[in-house]
Number of protein chains: 2
Amino acid sequence: MTKSRVTVVDIARAAGVSKSTVSLVLQASPLVNEQTRARVNAAIRDLGYVYNRGAANLRQTASSKIVGIVVNDLTNSFFAELAVGMDIVMQSAGFVQFLANTGESLDRQREVIASMREHGISGLIISPARGTDASDFKPLIAAGVPVVIVVRNIAGAKVSSLLSDNYAGARAATEHLIALGHRRIAFLGGFSDTAVSADRIDGYRDALVAAGLSADAALVVNSAPSRAGGVAAIERAMLIADRPTAALCFNDAVAFGVCDGLRTRSLEPGRDFGVVGFDDVIEAQTAVPALTTVSVDPQGMGRRAAQMLLKQINSGRVEAEAQVASVRLVVRQSCGTGAGQWGGGASHDTVAKDTMGTDRRQHDRA
Amino acid sequence: MTKSRVTVVDIARAAGVSKSTVSLVLQASPLVNEQTRARVNAAIRDLGYVYNRGAANLRQTASSKIVGIVVNDLTNSFFAELAVGMDIVMQSAGFVQFLANTGESLDRQREVIASMREHGISGLIISPARGTDASDFKPLIAAGVPVVIVVRNIAGAKVSSLLSDNYAGARAATEHLIALGHRRIAFLGGFSDTAVSADRIDGYRDALVAAGLSADAALVVNSAPSRAGGVAAIERAMLIADRPTAALCFNDAVAFGVCDGLRTRSLEPGRDFGVVGFDDVIEAQTAVPALTTVSVDPQGMGRRAAQMLLKQINSGRVEAEAQVASVRLVVRQSCGTGAGQWGGGASHDTVAKDTMGTDRRQHDRA
DNA sequence: CAGGATTATTGGATCGTTCCAAATAAGTCA
DNA sequence: TGACTTATTTGGAACGATCCAATAATCCTG
């Protein structure tokens, strides 16, 4: 009942040519006569032929036109947007993508990468789970599969990476809060054992000391990098003896959670407490108050990562390249603009600072 | 330089057996001697062999262990969670998934499905883009590829579907608002030309007329089913002569937008205006005020859809089955619980009503 | 110990496509 | 007309794993 598939041979028979000719037509080769081409194409339509890429991929020259994408938490808008950005570029390049969510599980990550390799991915973009080791990429490198690490750095991994300028972003955001008059500024959310978190905390600390403020370790509160984590973090932050008056949050999800937590204590974010996020997910603009945040442009980052991977796939050379995406502070309403007690700010979506570290490149040999 | 791949023949040579034996080991066949198996496995490890599923899939008996997932808008938490639910089930079943985002584009949808077919998916789960026609699934059906339609119904499509009970959910939510004393209730967001929207509006209307209230067509405001759309919808709703005092929103994203829009007008959702969402995405619980919404459990729905598809793939029979997932109204804070002017409600995450239409099944012949 | 059952192993042939070398057809030139 | 292009077309032989039928090795059992 499930009829056996239609193959090039069937097409060849129907069009009265050889399978080789059909193959040439499929590849849009200029060698084939126009009438023959038309006849073959008609047969293809009539018989409902579907190209079997798996068969074609057997010959070791071909590219599978499949890439793998591995992320930690698709329910986080940041990763969802990142994935959408990649999807856009991959789709228009004629690639199709495996997408897997690890939920920070190293086991799942390992399994999923293995599975993708069996299916012959020609490249991989990964936001590695916490605890991923540089050696985990060895087999991929040995097999000549291009890899692009995004968002989180893995020290010592000899593969390409695209990271945002976390240090500069956090520093600019902290400086903004200081300029508004804040003296007790907390850093909320995230786990400080990750590279991303460490970089942001460094930027935050350096801004504080540069302004002659003390970097009180108690003001750094770890929590899950999620909305729920933000609620928990602000609760703990409010128990600190000398309360903070503002916070730089690990990401926008945490920032939204912090706003929620403030409201349950009848504090209005922006008026009674300054909140800055990180990422600039779409909701950041429409939320009330609109979130002041460090814009990372997740979708753009996804597109860029996809382009980096495609470049490597197409060039054939696997040449590690480290790119840093610049970020910019977008000032909105969540830190008290207008007539707040911390002085007047700009009015609407003002870009305060652009980190100029864009596109520093660093090449390793293949 | 990119060394040619390691194949079963290489393993065979290294282990001093034939390729057939290696194949048996790969399939964990009990026919092979323990010592031989050990020797082969050692060779597999030593040479860094990776199984080539593409080659195996050539023989028409095998299943590709790949499924396709097509959604409209991954940046919407509802779809992201849906995808995560599917991912969980597929991963543990040893499947790997193509994921593509259509952004409601029929062209992209067509291309992406074609591409997935060329790569030999053994099944497809799709939340069809607006305007998808039942005939679009003909080729898939003819080829014996199981399809599960989720979220949005396509009338006349002879494939399985998993939909939520939109009518019952909307009706229950509307009845809840009426019970709280509301008389002018709006329906905000979504496009009424989609089946989902139509069903929800039907439930909303029927609840109104059953309560002896007039169903004023002006109170139904279309908009994009997004946060931004919600902002736009509430703005238009506030221009209506006889203003509504509450709204049932097309989905949670719209509901959040409505809350945002209310706040910019200095109206506090829950106190000054009743808001009910639809979907129950994760943020619904942590948002302030916590959103009263119709819980669809998107992740659970994703899991269930994945199971439906796997069942069909494994059984071999392609038997269309229509399932309706029951929904329940989760009462939280966004419609004025406690001492609101519309009477006291329950306190915390109360389940008000469970639609009992679960798992009505309807079989078509294969 | 012949014959039968059991246990392990193994050559092809096969899946659907690509690609090379070679063949054929058609035209060109002297 | 024969040699020589140029334009089309075409049989195989891969690619890597599976699977069937057949073989080889071992163990019974009367």
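Hydrogens, waters and symmetry mates play no part in the numbers below; they use all other heavy atoms, side chains included. Protein chains get the first letters and strands the later ones, always in sequence-line order, with residue 1 at the start of each.
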Chemist: Using modelled atom types only, decide if a donor and an acceptor are shared between the side chain of A:Gln109 and the backbone of A:Ala129 within a distance under 3.5 Å.
Modeler: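 It does hold such a pair.
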Chemist: Just by modelled atom types, is the B:Lys311 backbone N or O under 3.5 Å from a matching donor or acceptor in the B:Ser315 side chain?
Modeler: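 Between the backbone of B:Lys311 and the side chain of B:Ser315 there is a qualifying donor-acceptor contact (under 3.5 Å).
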Chemist: Side chains of residues 80-87 of chain A: which donor-acceptor pairs under 3.5 Å do they make with residues two or more places apart or in other chains?
Modeler:
unit_1, atom_1, unit_2, atom_2, d
A:Glu81, OE2, A:Ile282, N, 3.2
A:Asp87, OD1, A:Gln91, NE2, 3.4
A:Asp87, OD1, A:Gln97, NE2, 2.4
A:Asp87, OD2, A:Gln91, NE2, 2.7

Chemist: Give me the first and last nucleotide of DNA chain C, going 5' to 3', that has any atom under 4.0 Å from a heavy atom of chain A.
Modeler: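 Boundary nucleotides touching chain A, in 5' to 3' order, are C:dG16 to C:dC19.
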Chemist: Hey, what bend do you get for the helix from C:dC1-D:dG30 to C:dA30-D:dT1 if you fit axes on five pairs at each end, rounded to 10°?
Modeler: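 Roughly 60° between the end axes, to the nearest 10°.
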Chemist: Which letter, B, S or -, goes with each nucleotide of nucleotides 16-23 of chain D from 5' to 3', with contact meaning a protein heavy atom under 4.0 Å?
Modeler: BSBB----
Chemist: Just verifying a value: how many Å separate A:Ser92 OG and A:Phe95 CZ, rounded to the nearest 0.5 Å?
Modeler: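 If I round to the nearest 0.5 Å, the distance is 11.0 Å.
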Chemist: Check whether A:Asp133 reaches the backbone of A:Ser135 with its side chain - one donor and one acceptor, N or O, closer than 3.5 Å.
Modeler: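 Yes.
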Chemist: Could you tell me whether A:Glu111 and A:Arg108 have a side-chain N and a carboxylate O separated by less than 4.0 Å?
Modeler: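 The answer is no: the pair does not qualify as a salt bridge.
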Chemist: Sequence neighbours left out, cut at 3.5 Å: what donor-acceptor pairs do the side chains of residues 120-127 of chain A make with other protein atoms?
Modeler:
unit_1, atom_1, unit_2, atom_2, d
A:Ser122, OG, A:Ser64, OG, 3.2
A:Ser122, OG, A:Ile66, O, 3.1
A:Ser127, OG, A:Asn72, OD1, 2.7

Chemist: Which residue pairs pass the side chain to side chain donor-acceptor pair (under 3.5 Å) test when at least one of the two sits in residues 40-58 of chain B, sequence neighbours left out?
Modeler: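 For residues 40-58 of chain B: A:Glu118-B:Arg53.
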Chemist: Tell me whether A:Arg152 is salt-bridged to A:Glu104, with the criterion being a basic N under 4.0 Å from an acidic carboxylate O.
Modeler: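 Salt bridge between A:Arg152 and A:Glu104, a charged N being under 4.0 Å from a carboxylate O: yes.
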Chemist: Looking only at side-chain N and O atoms, does A:Thr21 come under 4.0 Å of OP1 or OP2 in D:dT10?
Modeler: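 Affirmative; the distance criterion is met.
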Chemist: If only atom types and distance count, is the side chain of B:Ser29 paired as donor or acceptor with the main-chain N or O of B:Leu24 below 3.5 Å?
Modeler: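 Here the side-chain-to-backbone pair does not exist.
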